Protein chains: 2
Amino acid sequence: MLSEQVYAQLQGAIMRGDYSPGEALKPQDLAREQGVSLAVTREALVRLVGEGLADRLPNRGFAVPLLSDHRWQEIAEARRVIEPAVLRMSIERGDVDWEARVRAAHHRLARTPAYVPEEGEHYTGAWAEAHRVFHRTLLDACGNRALLETFDRLWTASELARRWSAHRDPDRDGAEEHRRLEEAALARDADTAAAVLVQHLTLTVAALTDASGQASP
Amino acid sequence: MLSEQVYAQLQGAIMRGDYSPGEALKPQDLAREQGVSLAVTREALVRLVGEGLADRLPNRGFAVPLLSDHRWQEIAEARRVIEPAVLRMSIERGDVDWEARVRAAHHRLARTPAYVPEEGEHYTGAWAEAHRVFHRTLLDACGNRALLETFDRLWTASELARRWSAHRDPDRDGAEEHRRLEEAALARDADTAAAVLVQHLTLTVAALTDASGQASP
DNA sequence: GTAGCATCAATAATCGATTATTGCTTCGAT
DNA sequence: ATCGAAGCAATAATCGATTATTGATGCTAC
């Protein structure tokens with residue numbers, strides 16, 4: 001399906017920061033660039049709006065969302081509310097296969113360089129993906145599709161907001177927090193794991209919104 | 001915008017149960033019925049898929065979702081995980097205006113008949129809406145759009161699943177639980193409110209999935 | 001009688017063109 | 001010079017028609 005390809009391409013471009021926040025996404029231009037018809041780009045854009053990756057201004061077309069600092073903090077708070085609870089369920093229910101996948105995901109994350117000189121000031125695409133997979137894997141033994149879909153949605157919004165947050169903090173990748181998270185999860189220590197996760201989320205949002213922008217290990 | 005109207009119409013029809021689960025949603029038929037072009041119905045259907053109110057079968061078109069009993073229980077579990085936490089925040093942060101809106105929403109819910117003979121075996125549209133507004137109002141003082149959007153999404157999925165659940169239980173409308181919920185919320189008793197909410201959600205899913213189908217006050 | 005292939009009708013996906021709306025620009029009046 | 005209204009260019013929204021896929025039907029070969 002053509003619209004699927006266009007959707008994937010656009011999603012990647014927006015998440016990668018190829019467009020600035022607020023920038024118009026003109027169906028005609030996109031159609032010409034990708035060599036497809038208006039209907040196809042239109043469908044992709046409508047889907048993007050549904051996922052929160054584009055805004056729709058009635059009769060004024062589509063645009064990359066403008067994320068306020070406030071919105072970013074709301075998303076972070078939502079994650080602090082939901083993810084620890086899901087993590088507890090996951091730790092409760094996970095089997096050996098899950099443990100193995102957590103180890104694998106953490107290993108990949110720890111060994112993937114977060115920043116490389118030539119890719120600008122942001123972390124690499126490979127690290128972003130490894131980061132997502134690690135957090136997703138931690139939760140996915142909860143076995144509840146509705147909760148995991150909620151996680152996916154919040155993660156996407158979170159990454160988009162983070163991409164454009166005022167204060168980028170290249171020194172912070174939370175490696176130590178990830179290590180403690182893996183450790184607590186595999187030890188089935190739900191209290192510690194939940195606490196570390198809350199701290200991780202709190203520090204991340206703090207590093208990206210505070211004027212001080214404190215670095216962390 | 002035309003697609004908006006078509007979307008609203010379709011959403012209503014699906015939630016109302018005008019189509020059976022699994023039934024195909026043919027763009028051509030819908031376009032003819034509503035007197036619009038294919039592009040318009042197509043856009044509405046794509047949006048519906050995004051909201052989980054329609055399934056998309058690649059190259060086989062759109063259809064009303066088939067909800068398994070398992071899926072329904074997952075959604076209910078997700079609500080039990082998320083909503084009590086949001087309710088606590090709402091109780092913590094709500095002001096007098098919120099208290100007034102909770103009272104108003106509960107009053108409307110309590111005074112709206114849940115069932116009328118002529119509207120078939122299901123509760124009325126007016127009651128369903130009053131029910132949604134009451135639960136939504138309880139939570140909305142949390143002030144977090146991301147969390148409220150999550151609630152909206154889960155509520156929609158929940159109502160759709162409930163509509164087609166195997167065991168409908170016309171005697172159960174949870175009036176007493178709603179009363180206790182209102183009482184605890186206004187008394188700012190977060191622990192009690194959260195406990196009542198969990199019980200309310202648990203009883204609802206139990207009444208609709210158990211073969212026994214026990215009625216409750 | 002059955003298995004497998006070819007044909008066909010239904011419809012999903014896509015396209016190019018048309019209509020309607022918006023914000024900007026320009027022109028005129030005060 | 002500035003404010004306001006009319007015209008204009010850009011583009012969003014919509015449409016009708018075309019192409020591609022699918023699942024079903026019926027035919028043929030064994």
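This one's a predicted model, so the numbers in the text were calculated from it and none came from an experiment. Proteins get letters first, then strands, A, B, ... in listed order; numbering begins at 1 in each.
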Inset, instruction - Rounded off to whole Å, could you give me the CG-to-P distance for the B:D55 and C:dA12 pair? - result: 15 Å

Legend entry - Length of the line joining B:Y7:OH and D:dA13:P, which is rounded to integer Å: 17 Å

Legend entry - A:R42 side-chain N/O to D:dA13 phosphate OP1/OP2 under 4.0 Å: yes

Inset, instruction - Report the distance from atom CG of B:L25 to atom C1' of C:dA12, rounded to the nearest whole Å. - result: 14 Å

Legend entry - Below 4.0 Å: OP1/OP2 of C:dA12 and any side-chain N or O of B:R60: no

Legend entry - Side-chain heavy-atom pair A:Y7, A:E43 within 4.5 angstrom cut-off: no

Legend entry - Reported CG-to-OG1 distance for the pair B:N144 and B:T150, which is rounded to 0.5 angstrom: 8.0 Å

Legend entry - Interatomic distance, A:D29 CG vs D:dT11 P [rounded to whole Å]: 7 Å

Legend entry - Whole-Å distance separating the CZ atom of A:R56 from the P atom of D:dT11: 17 Å

Inset, instruction - Working to the nearest 0.5 Å, report the span between CD1 of A:I14 and CZ of A:R163. - result: 12.0 Å

Inset, instruction - Taking only the side-chain nitrogens and oxygens of A:N59, find out if one of them lies under 4.0 Å from OP1 or OP2 of C:dT22. - result: yes

Legend entry - Protein-nucleotide distance (B:L30, atom CG; C:dA13, atom P), rounded to Å: 14 Å

Legend entry - Pair B:E33 + B:K26: basic N to acidic O under 4.0 Å: no

Legend entry - Side-chain ion pair, B:R71 and A:E149, N-O less than 4.0 Å: yes

Inset, instruction - Could you state the atom-to-atom distance from CE of A:M1 to P of C:dT14 in whole Å? - result: 6 Å

Legend entry - Within 6.0 Å of CZ in A:R56, more than 12 heavy atoms from elsewhere: yes

Extract from the structure each pairing of a protein N or O with an N or O of nucleotides 15-18 of chain C at less than 3.5 Å, listing the distance.
unit_1 : atom_1 : unit_2 : atom_2 : d
C:dC15 : OP2    : A:S37  : N      : 2.8
C:dC15 : OP2    : A:S37  : OG     : 3.1

Which pairs would a plain distance check flag for residues 132-143 of chain B, meaning a side-chain donor or acceptor within less than 3.5 Å of a matching protein atom at least two apart in sequence or in another chain?
unit_1 : atom_1 : unit_2 : atom_2 : d
B:R132 : NE     : B:E129 : OE1    : 3.3
B:R132 : NH2    : B:E129 : OE2    : 2.9
B:H135 : NE2    : B:H131 : NE2    : 3.1
B:H135 : NE2    : B:H178 : NE2    : 3.3
B:H135 : NE2    : B:H200 : NE2    : 3.3
B:R136 : NE     : B:D152 : OD1    : 2.8
B:R136 : NH2    : B:D152 : OD2    : 2.9
B:T137 : OG1    : B:V133 : O      : 2.6
B:D140 : OD1    : B:R101 : NH1    : 3.3
B:D140 : OD2    : B:R101 : NH1    : 3.0

Inset, instruction - Figure out the NZ/P separation between B:K26 and D:dT22, and round it to whole Å. - result: 17 Å

